[in-house]
Amino acid sequence: MTKLVEMSGIEKRFPGVHALKNVQFDLHSGEVHALMGENGAGKSTLMKILSGVYTRDGGTVDIDGFDTPPDSPRAAQDMGIGIIHQELSLMNDLTAAQNVFIGREPRRSFGRLDENALNTQTAEIFASMKLDMDPRAQVGDQTIARQQLIEIAKALSYKPRVLIMDEPTAALNDVEIAELFEVIRRLKADGVGIIYISHKMDEIKRIADRVTVMRDGAWIDTLDAAQTPLAKIIELMVGREVKDEPPVIPDTSGAETALEVRGLRRGREIHDVSFSIKQGEILGFAGLMGAGRTEVARIIFGADPRDGGEILVHGQPCNIRSPYDAVGAGIGYLSEDRKHFGLALDMTVRANIAMAAMGKFTSKTGVLNEAAMKQTADGFIKQLGIRTPSDLQDVGLLSGGNQQKVVIAKWLLRDCDILIFDEPTRGIDVGAKSEIYRLLEDLAAQGRAIIVISSELPEVMRLSHRIAVMCEGRLTGILPGGADTTQEQIMELATRREAAPVGE
Amino acid sequence: MTSVTTQPAPSRASKILGALMHQRLLAFASLIVLLIVFSLASPNFMQTSNMIAILQATSVNGVLAIAATLVIITGGIDLSVGTMMTFCAVMAGVVLTKAGLPLPLGVVAAIGAGAFCGLCSGTFVAKLKIPPFIATLGMMLILKGLSLVISGTRPIYFNDTPGFDLISRGSLIGEVLPFLPIPNGVLILFIVAGAASYILSRTVLGRYCFALGSNEEAVRLSGVNTDRWKIAIYALSGAIVGIGGLLIASRLNSAQPALGLGYELEAIAAVVIGGTSLSGGRGTIIGTLIGALIMAVLTNGLRVLSVAQEWQTVVTGAIIILAVYADMMRRRKAN
Amino acid sequence: MTSVTTQPAPSRASKILGALMHQRLLAFASLIVLLIVFSLASPNFMQTSNMIAILQATSVNGVLAIAATLVIITGGIDLSVGTMMTFCAVMAGVVLTKAGLPLPLGVVAAIGAGAFCGLCSGTFVAKLKIPPFIATLGMMLILKGLSLVISGTRPIYFNDTPGFDLISRGSLIGEVLPFLPIPNGVLILFIVAGAASYILSRTVLGRYCFALGSNEEAVRLSGVNTDRWKIAIYALSGAIVGIGGLLIASRLNSAQPALGLGYELEAIAAVVIGGTSLSGGRGTIIGTLIGALIMAVLTNGLRVLSVAQEWQTVVTGAIIILAVYADMMRRRKAN
Amino acid sequence: QDELYIPLVSKGFQHQFWQAVQAGAEQAAAEAGVRITFEGPDNETMVDRQIDMLAAALANNPAAIGFAALDSQAAIPLLRQAHEAGIPIVAFDSGVDSDIPVTTATTDNRAAAALAADKMAELIGGAGKVAVVAHDQTSRTGIDRRDGFLDQMAANYPDIEVVSVQYGQGDQLQSTEVAKAILIANPDLDGLFGTNEGSAIGVVNAVRELGSEGVTIIGYDSGKAQTDAIREGLMAGAITQNPVGIGYETVMAAVKATNGETLPAIIDTGFYYYDQSNIDDAEIQAVLYD
Ligand SMILES: Nc1ncnc2c1ncn2[C@@H]1O[C@H](COP(=O)(O)OP(=O)(O)OP(=O)(O)O)[C@@H](O)[C@H]1O
Ligand SMILES: Nc1ncnc2c1ncn2[C@@H]1O[C@H](COP(=O)(O)OP(=O)(O)OP(=O)(O)O)[C@@H](O)[C@H]1O
Ligand SMILES: O[C@@H]1[C@@H](O)[C@H](O)OC[C@H]1O
Ligand SMILES: [Mg+2]
Ligand SMILES: [Mg+2]
């Protein structure tokens, strides 16, 4: 086993943030080295230095076989370092294949493109990932999950010696994750060194050989994955013990129905979806990638038009035609795609938190009360542990997980009766996750109706009072929450391709 | 990308001033350099009368540029400011001269006409989803034609409306401080700038200006009625163009129906030189003012120096590029 | 958002044709409607000679619009196409008339001058990070001035270069098919369109056009030397503008040094009417051609109908908005 | 379709000057019972746009065409085409360097500007500093008026120095700023010549806004603002052409040409100098417009 990468004494500062303090890290060929830490610990920053995106302020980076560290993405590529960035960085107007081979298009003479070769080679990579996707498909039309898979394919196409995966599975479902791990195992066998970042703790046990933990920009420890209990890793990350007890499911049989959906339809995507949710209830939505959960939520929220069906809020039919109508009716929706649909990246943390509840801070003459906004923002920064130098930092400069917390804060502040959370904990660290679970439970306890869509089955099972399962745009069943429902039962419904009578 | 310059400091006046000093002083740099160079080159440049001439030359373009700034911050563009200005002037002419109504109604007519035109552009953009470039290009042509139609292709003179020319040419400040005969047109420019700045930094409307430019879809999905706000912003911008129409009509003591084409580029140039991003989400009124001043100083200075016309153009082009380059450097350093 | 219209189908000619038919036939709609309406309204409209006049009127603006399309797809904008065209014409004039060199060198001079200007703009944008609006606004002014300086503020006539006027006015097609006297200028427009279309859909340069406009940062992170490609695209665009300069010079048998201002807006309008997004990443040459034709048909048709000139402007504005609106509707339905 | 159709392609249409030409043309059309259209590009640089207009005019099978060329050479192929089709061309405003036009109805702009120079010299006492605010650097009228004025000064008034010639595109606001800059750069200026309506009004505005004294202003063309300034005494006087006459003669000549009548090579529509003393004379009033 050769040592592919050796980093030591790494320093990095941003205005107002000391992001990396004397960090060390190394990587052997044929290993999966997990990099763990809370949101904002500095994981992505460290990896961006290794991949030539950022220049370091101090320390040394040794890459096997090269005298100098990479000073540009191109140089890193030439050294065999590939990276899947945490934030998707794709060209939405191009096709999947064009994205995968950007910068290395198969060419003929005079700069002519060999589009056939491009598509065949991409198809091969997709096949090796067991990914069923047309290389000619437009990237912008794909769901986040599928975009993530394209990013992975792109990184694989470089045939790197060192592959950095920064939260590759944040948007993925169990099935795709399993496929990805299969790919990782093959790469390992070929001697590729893999750096793996994730907040899904169970994955560490499944694939990591070693684990490095970071906290507050500093290196804490590097451990053997097999021999270290998860609890220990979590404690090193968070600096305290994290307890997360599944709650008791309240009896909401007597509660009023908050939202009822009847026969929702939209094009070929959504067929006849009906369900209802009571005040104080948490309804989880499970399903495979593309099952249509996001689409159902967007239709209810008025973000996409519906072709048919009825929406009743507190028993009253409600003609929701825009998010504005929905919020007016007391429905909030947290999107799964924070970058495109959740945040104004070049606005401040404060402005983003207030975005959905501007009325709270506006006088009759339209003047904003900045002091009140600041107070509120500071409150959430503290409550959710948002790591930011101040509430006036641009959201785009926060770490991924901290951005997610800002979106959550935005909807908590809006205080809707019915809240739909689509992948609420995407990219959020273990410690903060349990804090968010607690918040959702509190909201339900206050009588709000909560819908949680999540690709993490354990999350759905942990939170839900009832679990709705979708497959190919149909609601295939609703299961009770709690310990009695098994993963197998959910998966059975999630793959039931015929519409089944909905047992409620 | 710096964050600081883009979002106006939100707290007390002193803080704002401090921030301005800190961030904008350097942006002034190009302006100051120009002023110094021209002063050294010509003894006639740094006279009070010429400084006032420069300010007055800034007034119309400055007001149009402020109007354009609002729309540009939302991520839009407004190509119609020039001909809309003319249209508003013609409407004032119709009300005052053709209908013979009193002066305040003429003012209302110009501003109202602007607001209405803005409302139309805004509706095209927000409701019909027509790209702002096309919606306002269409408006530009429509208003150009309508100005000619309504005026009968001839200027409307305001000779019968005593006091109309004072809107721009009189000097309220000069009456109080005789040594500072700043024309009302300039005063109005600064009042409009102050008001627009306040709206941008302190009100919901301003907040949504930035938010729409930053990520419209995210704002819509926050339950904000983005269409309505966008239309409101275009209408406000139109009303400001109406003020521009009054200023030019008052200065020429007539509504010239054929004027206006080309003014849009100059206004947008001032906005962009002032650091507002054409992709939306960032911008300041003070920057726009500085941008407009840079253009006016440049034009005036080269004319005072009697540089040959063709070289004036070359030098203006080069200095615009240089000024923006210097500003980019400054900002990159600031990070 | 539809994907299909933006990226030309990548395989064989028949496929491309099929795709064109399928996707663009409806985009033609506005154009067809205009043609029908004008034919019904005036018997003089649908004459061969008038159709040729329309095509010829499209040729210069069409070529400029194609040049602008490339830059706009990268997410940039080019305000200098109009005055750059003039500059290239003047350079041809200098080489042919003032220096008396043979015709091919004049052609090379015009195209080379355009490529060089594009290279400069591209460098300002890519290397100095000056926003394209400002970089090309500066170039617009610089080139406007330089054209006047170099030509001595007077037209340069090509009377001593026999054959120069044939570049645009001759008709190679007409020699072969006498009943179809399509001027060379139009032929050149279509050749340029074909070449640009090919480059956009089939070459690396084209690929990076779309990629840069779609997500420049992502392209950079993929290890592509984005600066170099961007400069290359601006240079290519400049070379095409050079061809436009030859066309107009040949058509007027002279290089008119004051011409060109205002042409940029018309070119950009054709691009946007043709469905290319000003925010970059999407666009087609065929769309731009249709956009340029819509503008030319509209202008010519209203003239042939003898509509009063002020109303011509109003109607043009309204129809531009309508045409784009119809196109938006069509696309939304297609989804 | 019995009625003769005569399109006039001019250099502009929004300026008052061109509106007056159009009015004269319409008057003649009414008298002769022909149908006319009147069109011109947005500004005087758009040579190719004017050619497109000429092409559209030809498409309508006109009986004759009136044409005020922005560049006489550029239009020759189309003129030849018209000639071959037997469509007579009447040039107006400025001539066309070609023998195709059957006649030209025009003002001698050089001579008119020379007259302005003479008047200026007379008013400032044959010595001093003057400047020119011209409307255009490249258009025929712009060049002729500028050079007519400058040449006359150089040839006959050695003690008069022309300190600056700048251009305001005939836009009133721009011309105002240009004239202000000239006045500020030359505090001892004695006279300013504005070469068309917009330029002249710009000069008046500048003097008014700066409160400059002792500057003799000579203008060109008419229009209400200019005649007012002359009555007020702010402007000493101005040259006026006979735009209505130009339009009238153009159409009449075109009608005659379609009837096969022979025409003189030049129809000089004349120009006049007017000031407070003669502004109300019938002869002058007939050629002023506002
Ligand atoms: N370009 C930047 N400018 C300013 N601060 C930055 C920038 N990039 C990162 N930071 C800050 O550096 C710190 C480390 O961020 P980083 O993205 O490395 O965290 P992370 O460990 O990847 O977190 P997450 O798990 O949320 O992705 C954070 O506090 C973040 O706000
Ligand atoms: N594998 C796929 N093949 C084709 N289309 C897909 C696929 N996955 C998603 N889609 C598109 O997305 C639509 C529904 O996806 P949606 O995002 O609503 O599902 P989801 O259950 O939220 O899944 P995800 O985990 O991807 O967010 C589908 O109807 C389809 O248009
Ligand atoms: O106003 C001008 C007029 O005086 C001249 O004769 O022609 C050109 C016009 O711009
Ligand atoms: Mg990260
Ligand atoms: Mg989803």
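Per chain, numbering begins at 1; letters A, B, ... match sequence-line order.
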**OP:** Using non-hydrogen atoms and a 4.5 Å limit, figure out which bit of Leu79(B) sits close to chain C: side chain, backbone, both or neither.
**Re:**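 Answer is side chain: those atoms of Leu79(B) sit under 4.5 Å from chain C.
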Subject >> Under 4.5 Å from any heavy atom of chain C - which part of Ser147(B) >> reply: neither
Original post:
What part of Ser277(C) gets closer than 4.5 Å to chain B, counting heavy atoms only: side chain, backbone, both or neither?
Top reply: neither
Does any non-hydrogen side-chain atom of [Y] lie less than 4.5 Å from one of [X]?
X: Pro131(C); Y: Val324(B); answer: yes
X: Pro132(C); Y: Tyr234(C); answer: yes
X: Arg282(C); Y: Thr276(C); answer: no
X: Lys144(B); Y: Thr86(B); answer: no
X: Phe87(C); Y: Ile150(C); answer: yes
X: Pro257(C); Y: Thr153(C); answer: no
X: Ile268(B); Y: Asp78(B); answer: no

Original post:
Among residues 304-319 of chain B, which ones touch chain C with a heavy-atom distance under 4.5 Å?
Top reply: Glu310(B), Trp311(B), Thr313(B), Val314(B), Thr316(B), Gly317(B), Ala318(B)
Subject >> Close approach to chain C in residues 133-143 of chain B, criterion heavy atom under 4.5 Å >> reply: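 If one takes a 4.5 Å heavy-atom cut-off, the residues of residues 133-143 of chain B near chain C are Phe133(B), Ile134(B), Ala135(B), Leu137(B), Gly138(B), Met139(B), Met140(B), Leu141(B), Ile142(B).
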Check [X] against [Y] and note the closest heavy-atom contact, atom names and distance.
X: Met85(B); Y: Gly260(B); value: CE-CA, 4.2 Å
X: Glu264(C); Y: Val81(C); value: CA-CG2, 3.7 Å
X: Ala296(C); Y: Thr58(C); value: CB-OG1, 3.3 Å

Original post:
Which pairs count as side-chain hydrogen bond (donor to acceptor under 3.5 Å, both in side chains) when at least one residue sits in residues 118-135 of chain B, sequence neighbours excluded?
Top reply: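 Qualifying pairs: none.
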**OP:** Heavy atoms only, distances under 4.5 angstrom: which of Val149(B), Ile77(B), Ile130(B), Leu265(B) has the most pairs with chain C? Name it, please.
**Re:** Val149(B)
Subject >> Greatest number of heavy atom pairs closer than 4.5 Å to chain C - which of Leu148(B), Ile321(B), Ile320(B) >> reply: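 Answer, by heavy-atom pair count under 4.5 Å with chain C: Ile321(B).
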Original post:
Between Leu146(C), Leu128(C), Val272(C), which shows the greatest number of heavy-atom pairs under 4.5 Å with chain B?
Top reply: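 The answer is Leu128(C).
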For residues 65-73 of chain C, dump all side-chain donor-acceptor pairs below 3.5 Å to protein atoms at least two apart in sequence or in another chain.
residue: Thr69(C); atom: OG1; partner: Ala65(C); partner atom: O; Å: 2.6
residue: Thr69(C); atom: OG1; partner: Thr288(C); partner atom: OG1; Å: 2.8

